[in-house]
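Quick one: the structure is below, and I'll ask about it shortly.
Here, residue 1 is the first one in the sequence, and each next residue gets the next number.
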Amino acid sequence: MATDRRVSRVASLIKREVSQILIDGIKDDRVGTGMVSITDVDVSGDLQHAKIFVSIYGTEEARKETMEGLKSATGYVRSYLGQRVRLRRTPEVIFIEDRSLERGDKMLTLLNELAHNRKPDEEDLSNYGEEE
């Protein structure tokens, strides 16, 4: 088992390299339909598996196409990582869609809407500034 420090270093290296692949390496048109960003990489303790969490901006159809394109490109991504990252064994790559940014944005919108629609009590305003 690798140390936690090494696992995190390998995860950040994989994140950087896969980001580079997404910019100019994958030629599949399906990957270009939605804007893709890597939110996190989770590497197992034995460095044999890497879960790559991606956030995809676009319509539901674009997200689906992009995920299909990424899943079909896993072999290419793994071979690229094998060339760029010096490890005894190249980890298996799994792409997982991460919708946490979308959920966070939705929550912020709801909170802002609640704050905007909230009417302050007249009683609270009349006591404002008075010391007890």
Side-chain angles (χ1 to χ4, degrees):
M1 293 290 264
T3 63
D4 289 341
R5 186 173 169 204
R6 177 148 190 232
V7 170
S8 66
R9 278 189 11 237
V10 169
S12 67
L13 184 60
I14 289 173
K15 183 176 181 179
R16 184 177 66 202
E17 293 298 331
V18 174
S19 295
Q20 189 63 37
I21 295 170
L22 289 175
I23 291 172
D24 55 20
I26 297 178
K27 303 295 186 221
D28 192 340
D29 290 338
R30 294 178 293 182
V31 176
T33 55
M35 190 174 101
V36 181
S37 64
I38 298 176
T39 56
D40 196 19
V41 175
D42 185 23
V43 179
S44 64
D46 60 359
L47 305 177
Q48 298 299 308
H49 302 282
K51 294 178 185 174
I52 301 172
F53 295 92
V54 293
S55 180
I56 304 167
Y57 301 102
T59 64
E60 193 63 38
E61 183 178 319
R63 287 181 182 161
K64 188 176 180 182
E65 282 184 31
T66 303
M67 282 305 295
E68 288 174 7
L70 287 173
K71 287 181 181 180
S72 70
T74 55
Y76 172 74
V77 171
R78 186 170 185 234
S79 68
Y80 182 88
L81 285 175
Q83 296 169 5
R84 301 286 301 194
V85 179
R86 290 287 163 219
L87 292 172
R88 190 170 294 163
R89 289 193 60 207
T90 305
E92 293 289 330
V93 175
I94 302 167
F95 285 102
I96 300 172
E97 187 176 0
D98 183 8
R99 294 197 172 206
S100 62
L101 295 176
E102 180 184 326
R103 286 192 307 267
D105 187 44
K106 185 176 180 180
M107 290 299 291
L108 284 174
T109 303
L110 289 173
L111 288 172
N112 287 336
E113 192 176 303
L114 284 173
H116 180 71
N117 292 337
R118 182 176 176 204
K119 296 179 182 175
D121 279 346
E122 292 176 8
E123 191 175 304
D124 289 341
L125 290 176
S126 65
N127 291 334
Y128 186 74
E130 295 180 6
E131 293 184 26
E132 293 181 23

Which pairs pass side chain to side chain donor-acceptor pair (under 3.5 Å) with one or both residues in residues 5-17, sequence neighbours excluded?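 Only E17-R84 qualify under side chain to side chain donor-acceptor pair (under 3.5 Å).
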With sequence neighbours excluded, what pairs up with R88 under the side-chain hydrogen bond (donor to acceptor under 3.5 Å, both in side chains) test? none
I56 side chain near M67 side chain, heavy-atom distance below 4.5 Å: yes
Considering only distance and modelled atom types, tabulate donor-acceptor pairs under 3.5 Å from the side chains of residues 105-115, sequence neighbours left out.
from, atom 1, to, atom 2, distance (Å)
T109, OG1, D105, O, 2.9
N112, ND2, L108, O, 3.3

Would you please name every residue forming a salt bridge (Lys or Arg N to Asp or Glu O under 4.0 Å) with E68, sequence neighbours left out?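 Expected list: none.
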For E60, all residues meeting side-chain contact (heavy atoms from CB on, under 4.5 Å), sequence neighbours excluded: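 Per chain and number, E60 pairs via side-chain contact (heavy atoms from CB on, under 4.5 Å) with R63, R99.
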Could you grab the distance from atom OG of S37 to atom CG of L22, nearest 0.5 Å is fine? 9.0 Å
Taking side-chain hydrogen bond (donor to acceptor under 3.5 Å, both in side chains) as the test, write out the residues that go with S100, two or more places apart. D98
Between CD on residue E97 and NZ on residue K64, distance to nearest 0.5 Å: 11.5 Å
State, yes or no, whether a side-chain contact exists between V54 and T66 at a heavy-atom distance under 4.5 Å. no
Taking only residues two or more places apart in sequence, or in another chain, which ones meet S72 in a side-chain hydrogen bond (donor to acceptor under 3.5 Å, both in side chains)?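 With sequence neighbours excluded, S72 shows a side-chain hydrogen bond (donor to acceptor under 3.5 Å, both in side chains) to D28, R30, given in chain and number order.
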Are Y80 and V18 side-chain neighbours, meaning at least one heavy-atom pair lies under 4.5 Å?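 Y80 vs V18: side chains apart.
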Does V93 reach the side chain of I52, with side-chain heavy atoms less than 4.5 Å apart? yes
Among I14, V10, V43, find the one that has a side chain to side chain contact (heavy atoms under 4.5 Å, CB included) with P91.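 So the option named by the test is I14.
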Identify, with sequence neighbours excluded, every residue that meets side-chain contact (heavy atoms from CB on, under 4.5 Å) alongside T74. F95
Go through the structure and list residues passing side-chain contact (heavy atoms from CB on, under 4.5 Å) with D40, not counting sequence neighbours. F53
State yes or no: do L87 and L13 share one hydrophobic cluster built from I, L, V, M, F, W and Y residues joined by side-chain heavy-atom distances below 4.5 Å, directly or via other members?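 Linked within one cluster.
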Please check if the side chain of E61 supplies one atom and the backbone of T59 the other of a donor-acceptor pair under 3.5 Å. no
Tell me every residue that passes side-chain contact (heavy atoms from CB on, under 4.5 Å) with T90, counting only those two or more places apart in sequence or in another chain. R78, L81
